[in-house]
Number of protein chains: 2
Amino acid sequence: MPTHFKGTPQETSALDALIKLFRASNTVSGRLFGTLQKEHGLTESQLGVLEAIHFLGPMQQTGLCGKILRSGSNVTTVVDNLERNGLVRRERDASDRRVQVVHLTDAGKKLIARVFPDHVERVVDALSPLSRDEQKELGRLCRKLGLGNTQP
Amino acid sequence: MPTHFKGTPQETSALDALIKLFRASNTVSGRLFGTLQKEHGLTESQLGVLEAIHFLGPMQQTGLCGKILRSGSNVTTVVDNLERNGLVRRERDASDRRVQVVHLTDAGKKLIARVFPDHVERVVDALSPLSRDEQKELGRLCRKLGLGNTQP
DNA sequence: ATCCGATTGTTTCATGTCGAACTATACCCT
DNA sequence: AGGGTATAGTTCGACATGAAACAATCGGAT
């Protein structure tokens, strides 16, 4: 989308950086999760959910919202699909009957244990064009960007 | 998704950088296009299409694929919605009857002319946590990341 | 004990997104 | 010409995504 817009140097610089940020994010995401999709039928959000439960234990859906940074309604959908595929199961919390605790099934445990190492390897590969220092610098710049929070 | 995974320093570095990249991209994207959606009912892809035609003139859909970096079927959908909302119109190319040339309608021209400056302003604002040099460095790192291309 | 507001999750609706199968058209080659 | 291949778009099915409206439940205040 840089197209042929001519703005002030400030505007050009910001637009240029933004486009490269989006492009990098999209490209890497596509490479990473395209493979995951083809080889294991998992989407990015599905992996996020399985991964969170794998490392943190059974969680309620609100917790998953925080982990994968998606809306509540979206988490409902993603967990629905995982449940239909037999990878997770919901259980009502006895002490607070509003909450659904999401557990891995045995199939889910097996899948995430098998898939995650390969995924990490692909992440390392995707980031390999950058040195360790460059990765750190990229992280620092991205963190600064993410902060300018809109306070509601 | 960093959760509690402990890997080699290489793996930790890559995962950490990746998460920050995705988070920054998502956060900025959400802030930018959330506003655009609320105020003008436009999505990111719709803005991309209007912007491309605004600056480059009427284009065929394949050209739009390249500009907004989305699949052909997706461009069909996005242009469908824009057309339904009266912002663009399709015209068959006389010399190659497979081609649909997408034009801005008057309403589309008015909208993009009105919306784009505000959008640029928000982009500048979103990138303002970074100095000009930092924006340049972010761009450089992102470009390196985007290159590791899978050759089909 | 009761009521009100907050929290949790679901449903609905509109859009985006991709890949695969399909149609129509164009171009090339003999 | 005729046939084969390539390209432009569309359609379809599956999943993602968020906002808004809704239901169920909890908890605090009175």
Side-chain angles (χ1 to χ4, degrees), chain A residues 22 25-27 29-50 59-66 68-85 87-102 152, chain B residues 22 25-27 29-50 58-85 87-102 152:
Chain A
F22 283 178
S25 179
N26 286 341
T27 303
S29 169
R31 232 178 297 160
L32 241 38
F33 298 108
T35 307
L36 199 69
Q37 175 76 268
K38 263 193 292 243
E39 316 232 313
H40 307 282
L42 282 180
T43 68
E44 174 167 4
S45 291
Q46 289 176 352
L47 179 72
V49 167
L50 296 183
M59 310 183 60
Q60 65 186 66
Q61 293 187 189
T62 300
L64 291 171
C65 291
I68 73 173
L69 301 174
R70 293 290 176 264
S71 70
S73 61
N74 184 35
V75 168
T76 295
T77 303
V78 173
V79 172
D80 278 351
N81 290 330
L82 286 171
E83 193 169 41
R84 177 171 44 65
N85 296 342
L87 299 173
V88 305
R89 120 187 79 84
R90 287 172 162 109
E91 279 181 21
R92 283 262 169 228
D93 185 316
S95 70
D96 184 342
R97 301 189 41 73
R98 290 170 304 183
V99 329
Q100 298 267 29
V101 182
V102 184
Chain B
F22 283 177
S25 178
N26 286 341
T27 303
S29 167
R31 229 178 300 161
L32 241 39
F33 298 108
T35 307
L36 199 69
Q37 174 76 267
K38 262 193 294 244
E39 316 232 313
H40 306 282
L42 281 182
T43 68
E44 174 168 2
S45 290
Q46 288 175 354
L47 179 71
V49 168
L50 296 182
M59 308 182 62
Q60 66 186 66
Q61 294 186 189
T62 299
L64 291 171
C65 291
K67 281 300 159 194
I68 72 173
L69 300 174
R70 294 288 175 264
S71 69
S73 61
N74 185 34
V75 167
T76 296
T77 303
V78 172
V79 171
D80 279 350
N81 289 330
L82 286 171
E83 192 169 41
R84 178 172 43 66
N85 295 343
L87 299 173
V88 304
R89 119 187 80 83
R90 286 173 163 109
E91 279 181 21
R92 283 264 170 226
D93 186 316
S95 70
D96 184 343
R97 300 189 39 74
R98 292 170 302 181
V99 169
Q100 297 268 28
V101 182
V102 183

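The basis for the numbers below is simple: all heavy atoms, side chains too, and nothing from hydrogens, waters or symmetry mates. Every chain is numbered from 1, with letters handed out A, B, ... down the list of sequences.
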Whole angstrom value for the distance that separates [atom2] of [N] from [atom1] of [X]:
X: B:Leu69; N: C:dT17; atom1: CG; atom2: C1'; answer: 13 Å
X: A:Phe33; N: D:dT17; atom1: CZ; atom2: P; answer: 10 Å
X: B:Asn26; N: D:dT17; atom1: CG; atom2: C1'; answer: 11 Å
X: B:Arg92; N: C:dT23; atom1: CZ; atom2: P; answer: 15 Å
X: B:Leu64; N: C:dG16; atom1: CG; atom2: P; answer: 13 Å
X: B:Glu44; N: D:dT17; atom1: CD; atom2: C1'; answer: 13 Å
X: B:Asp80; N: D:dG9; atom1: CG; atom2: P; answer: 13 Å

side-chain hydrogen bond (donor to acceptor under 3.5 Å, both in side chains) partners for [X], two or more places apart:
X: A:Asn74; value: none
X: B:Thr35; value: none
X: A:Asp93; value: A:Ser95

For [X], which residues count as a side chain to side chain contact (heavy atoms under 4.5 Å, CB included) partner, sequence neighbours excluded?
X: A:Gln37; result: A:Thr43
X: B:Ser73; result: B:Ser71
X: B:Asn26; result: A:Arg70
X: B:Thr62; result: B:Gln60

Nearest-nucleotide check on DNA chain D, A:Gln37 vs B:Met59; residue mapping nearer the 5' end is B:Met59
I'd like to check the salt bridge (Lys or Arg N to Asp or Glu O under 4.0 Å) partners of B:Arg97; sequence neighbours left out, ordered by chain and number. none
For B:Arg92, enumerate each residue passing the salt bridge (Lys or Arg N to Asp or Glu O under 4.0 Å) test, keeping only those at least two apart in sequence or located in another chain. none
Are side-chain heavy atoms of B:Val102 and B:Val75 found at a separation under 4.5 Å? no
Beyond-backbone contact of B:Leu42 with B:Leu87, side-chain heavy atoms, under 4.5 angstrom: yes
Taking only nitrogen or oxygen atoms into account, show me every contact under 3.5 Å that the protein makes with nucleotides 1-8 of chain C, one pair per line with its distance.
unit_1	atom_1	unit_2	atom_2	d
C:dT7	O2	A:Arg98	NH1	2.8

Would you tell me if any nitrogen or oxygen in the side chain of B:Thr76 comes within less than 4.0 Å of OP1 or OP2 on D:dT10? yes
Give me, pair by pair, the N or O atoms of the protein and of nucleotides 13-15 of chain C that are less than 3.5 Å apart, along with how far apart they are.
unit_1	atom_1	unit_2	atom_2	d
C:dT15	OP1	B:Arg84	NH2	3.3
C:dT15	OP2	B:Arg84	NH2	3.1

Contact class for A:Arg90 vs. all strands (heavy atom < 4.0 Å): base, sugar-phosphate, or nothing? sugar-phosphate
Distances under 3.5 Å between protein N/O atoms and the N/O atoms of nucleotides 19-21 of chain D, please, pair by pair.
unit_1	atom_1	unit_2	atom_2	d
D:dA19	N6	A:Ser73	OG	3.0

